[in-house]
Number of protein chains: 2
Amino acid sequence: MNDRASQVIDIAIKMIREGGYHSFSFRQIAAELGIKSASIHYHFPSKEDLGVALMKRYTETFLEYLKQPANQKRPVDFYIQAFQDSLATHERACVCGILAAEAGRLPQPVLDAIADFTEQNIEWLEKALRQQCTDWSEEEVKESALSMFSALEGGITFAALLEQPAHLKQVGDWLKKLCV
Amino acid sequence: MNDRASQVIDIAIKMIREGGYHSFSFRQIAAELGIKSASIHYHFPSKEDLGVALMKRYTETFLEYLKQPANQKRPVDFYIQAFQDSLATHERACVCGILAAEAGRLPQPVLDAIADFTEQNIEWLEKALRQQCTDWSEEEVKESALSMFSALEGGITFAALLEQPAHLKQVGDWLKKLCV
DNA sequence: ATAATTATACCTATCGATAGATAGACGCAG
DNA sequence: CTGCGTCTATCTATCGATAGGTATAATTAT
C-alpha cells in the first residue's frame, strides 16, 4: 500500500463519516488530492475495491488502538472510552455503524468487511468482559458483549446526530455501572 | 394527504430501509407507481419536503403503534418487542437509525424530523420506565431511557446487517433483565 | 343553468450536475 | 526502455429540478 493509496483511503473514510458510502466520490477525493479521478481508479479499480480496503484499514487501526497498555486494568472501560475519543476527535459516528445502516445498497464484499469489524469487536469485548467481570457466566459475557457493542454503536450514532457528546457519555457511564 | 402522496411516502420509506436517504429517487418511486417523476414533484416540491413528510408519518405511525393496550402491564418490554416486530416485518433496521447514520448529508429540516422521532421515543421510554421500574431514581430513568434506545437502535441496525434477528433478541433480553 | 375560472394531477421534454468507469497518451524514474 | 503514476478526454447512466402543456373535476360568477 503506497502513500497515494493510503491518502485516498484517509479521505474516503473522512467522507464516509460525513454521510456514508454514497457520499464520497472518486472525483471529490481526487479534487482534494489535486489529482484526477482516473488516477484513483488506477489504485482502486472500482469503488467496491476502495470500500473493502478502507474497511480493512479501519478495522486494523481500531484494533491496534485497543492494544494500548491503558486497557490492562479495566479493558471494558477502555473500550467505552475509545468510542468517546472517536466521537470527540471526528465529531461523527463510527464508520462501521454508518455503513451498516446502508447495508441494502452496499456490495457484498464491503458488507463482509463490515461484518468482520463487528465480529472482531464483539470478540474483543468478550475477552475484556471475561477479564473485568470474572464472576460472569459465559452466557452473560456473550450477551453483554453483543449488547454493549450495540449500545455504543447506537449511542455514537445518535450523539453525532444530535451533536451531543453527552449522549454517548451517558450511555458509556450506564454501561460501566453494569460491570462492577 | 391524498392517496397518491401517501403511496409515494410508503415507497420512499421502503426504499430508505434498503439503503438510506440517497437510495431512493423520484424516478424510482414514480416507476413503481407507473407515473412520471415530475408528478411526484407536484406532491412534494423537493426531496427535502418528501423526507420531512415521510419522517413525520413514520414517527406518528410508530407512536400510534405504541398505544396498543398490550403495553399497559410492562411497557418497556412492549417497546422492546416493537423493535423486534419491526425487524421481523421489514427485515431491515429502523428508518430513524438509518437516516441518523447519514446525518452529515441530510437537509436540516430532515435532521430536525429525525431528532423529533428520537426525542419522542426517549420520552415515551422514560414514562414506561417510571411505570415499570417504580423504585428507580429520576436520574436512573433518564440515563436508562437514552441507553436503551441507543442499544435497540444499534441492535436492530446490526441485526439487519448480519441478517440475524437473534442479535436483536439477545439485546432485548439483556435489556429486559435490567429492569426487574 | 350555463359559462368562465381555477385547481388537481398528471404528462413530455429538457436542464445542468454528478456518478463510476474506461481508453489511450504522456512524462519520468529505475 | 520499461513500467508506474498520472493525465486528457470521453462514455453511459442517473440525479433533482423546472418549464410548459393537457385533460378532467370542482368552484364561482353571471
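By convention in this document, chain letters (A, B, ...) are assigned in the order of the sequence lines, proteins followed by strands, and residues within each chain are numbered from 1. Quantities reported herein were computed from a predicted structural model and do not represent experimental measurements.
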Cation-pi geometry met for Lys47(B) and Tyr21(B) (6.0 Å, 45°): yes
Length of the line joining Phe26(B):CZ and dC10(C):C1', which is rounded to integer Å: 15 Å
Nearest-angstrom distance from the residue atom CZ of Arg105(B) to P of dT18(C): 11 Å
Distance, nearest 0.5 Å, that separates CH2 of Trp136(B) from SG of Cys179(B): 5.0 Å
Side-chain N or O of Tyr42(B) closer than 4.0 Å to phosphate OP1/OP2 of dC10(C): no
Selection from dA19(C), dA21(C), dA17(D) that lies nearest to any side-chain heavy atom of Ser37(B): dA17(D)
Length of the line joining His41(A):NE2 and dC11(D):P, which is rounded to integer Å: 16 Å
For atom CD1 of Ile35(A) and atom P of dT8(D), their distance in whole Å: 11 Å
Ala38(B), nearest nucleotide to its side chain (from dT22(C), dA19(D), dC10(C)): dA19(D)
Nearest-angstrom distance from the residue atom CD1 of Ile29(B) to P of dA17(D): 12 Å
Over-ring placement of Lys169(A) relative to Phe83(A), 6.0 Å and 45° cut-offs: no
Minimum-distance nucleotide (side-chain atoms of Lys36(B) versus dG5(D), dA21(C), dC11(C)): dC11(C)
Whole-Å gap separating P (dG16(D)) and NE2 (His22(A)): 13 Å
Leu33(B) CG to dC10(C) P, straight-line distance once rounded to whole Å: 9 Å
Any Ser39(B) side-chain nitrogen or oxygen under 4.0 Å from OP1 or OP2 of dA9(C): no
Residues Ser46(B) and His41(B): side-chain donor-acceptor under 3.5 angstrom: no
His43(B) side-chain N/O to dC10(C) phosphate OP1/OP2 under 4.0 Å: yes
Arg27(A) or Gly34(A), whichever maps to the more 5' nucleotide of DNA chain D: Gly34(A)
Spacing between Ile40(A) atom CD1 and dC4(D) atom P, to the nearest angstrom: 19 Å
Check: dG5(D) base within 3.5 Å donor-acceptor of Arg4(A) side chain: no
Residues Arg130(B), Glu138(B): salt bridge by 4.0 Å N-O rule: yes
